[in-house]
Amino acid sequence: MEFAEQVKSSVDIVSVVQEYGPRLRKSGNNYSGLCPFHNEKTPSFSVSATKQFYYCFGCHAKGDVINFVMEIEKVSFYEALKTLAERHGIPLPKRSQYADEDSKLRGAIFQMQEYAQDNFRANLNGPLGEAARSYLAKRGVAPATIEQFGLGYSDRSGRALLRILEQRNFPQAQWEQSGLLRKRDDGTFYDYFRNRLMFPIHNESGKIIGFGGRALAPDDNPKYLNSPETPIYRKSAVVYNLHRAKEAIHKEDRVILVEGYMDAIGVTAAGFRAVVASCGTALTAHQVQVLKRHSQKISVNFDPDAPGANAAERSIGLLLEEGMQIRIVELDGELDPDEYCKERGARAFQERLDSAEGYFFWQTNRARKRHDIRTPEGTVAVLKFLIPAVQRIKDQWERLAIAKQVANYIGIDGGPMLGSFLKSVAAREEAKFAAPGEVIRADEKGLLNVLLSDVDGREQFVPELRKIEILNRLLTGRIYQAVLAIQASGSRITFDAVNARLEEADQALLARIVFSAGTDGHEADLDYGHQCLESLRRLEERLRSSELEARVKQAERAGDLNEALRAADEDGQRKRRAYLEARLKQAERAGNQVEVSRLNEELRRTERSAGGA
Ligand SMILES: [Zn+2]
């Protein structure tokens, strides 16, 4: 047994937590009390004795007993482990070993990023880094800032990291997986980043997981190149600079969101520490959830009206859905945040932050510039303009409250117009038919809860799950992949085992799922598991069908009748098969043997004709 596991199994999280102050009361299978990590008057901190895990519904702090000690004593993993071991009389081994292949690979990839970082930094300070240094000087980045953000330079040889990984004896099989090297068709390797200014990207605990590289030659494309996805770098969950900003974010209870690396660096250098960057692309639901864990208030510092601002628009949509309180920071003079801080100074930027309007007021003001609200038509036009944004707020009460405020703001505090505005805002299409990956669906959540419960026979779902291809598109996709991997390795599916395989963002997701009333009032039993599985199957069916329908239409437009027919056939076959399978399940459950064999025969015939087509 790994040492950490040994410690975790010999101490009780409930008593460890109480040693640090919080009084816990038993409620059901869990204990709850006031959260030690944030100020509160009513308890939202829960500890599960069976899962040896804590979670706070207020500030979303979460983890096992080791995390708890790390968090509360602000110490490293090793130190927390040592503290616990010593306090409970468990002898410390000389060195703890990480045996499983996953951890080994991840460890190696982390190590490779460190070597790369050393190389990039040495380059920047040496003769090779002259162009990069002068670029930074031109942008007004001070040496201390370069140091603080660990900026570097990747040389143009294309062999620097190749040589380093070779010398350090990393096996070739790991080279490409590090995201630092690429393989040519002839099997040889070359550096992924060449002649670029390098920005290390860290995870929340401050370890380097990848890089962003800015081209220095004007004709080098793309201008910004990021590490490809690797086992340690998941783009959709990473927020740039969060590990440095999070303390300030907690203190100020506000995130400042900017677009690029240089903006985050420039604004931080000007003295604003709660800054993170989305790195030019639209935020993902994952990233928004990560931010939300630290603060619900966000000051968005990019212009949703700028050309090509679809990304900004989409980001704001997601922030609204997650119930974040958004302020829009507007900078004049067409300056980006970095330039603004340098040209106008920190005080001017602070003023922009302070005077930033709440998103809905900002939107209303925009609409008012276009429509005359002294006329009823103008008022209706303004309200109509606002409806889509207000409707993105998930919580109904919040939605209505915002709607009232906005109406009030333009001078409507009663009457039929307010009534119908509120009505149209209240009628929000519920997320029941949400596409996978946008929200956590009830079925994906429910089935996970069954899989993580102690119901006998829950393993039967695993082979069925392997057949569902859309699993990866779900918000919980990586959690399901962890479940499948654990089953494949022959281990028992437990909360701990699943949790250990996840990145931070997914761990938070898992905690939310486990501690929320995850089965919407259903028992987490086999029956409910079957229902959820069935619902996922239907979702897959619908998606496949609509994809095929789209292919038919596309082929029609392109005038390709053969392809249109092929896709239409495939769609028909698929529907037929799905129908037969559903009937078969019913018949099996009813024990109708005659029907079962008849349906099986039909299914075989369908498969054969599909194979022949
Ligand atoms: Zn808390």
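Read the numbers this way: they start at 1 and go in the same order the structure lists the ligands and their atoms.
- Figure legend: cation-pi geometry between K207 and F110, with NZ or CZ positioned under 6.0 Å from the six-membered ring centre and within 45° of its axis.
- Qualifying ring-ring contact (aromatic ring centres under 6.0 Å, His included) partners for Y261, counting only residues two or more places apart in sequence or in other chains: F199, Y224, Y240.
- Taking CG of L510 as the start and CD1 of I479 as the end, the distance is 5.0 Å to the nearest 0.5 Å.
- In terms of heavy atoms, F360 sits closest to V406 at CB-CG2, 3.8 Å.
- Every residue two or more places apart in sequence or in another chain that forms a ring-ring contact (aromatic ring centres under 6.0 Å, His included) with F37 is listed here: F68.
- Shown here are the ring-ring contact (aromatic ring centres under 6.0 Å, His included) partners of F361, two or more places apart in sequence or in another chain: Y409.
- Within the protein, the N, O or S atoms sitting under 2.8 Å from the Zn ion (ligand 1) are C35 SG, H38 ND1, C56 SG, C59 SG.
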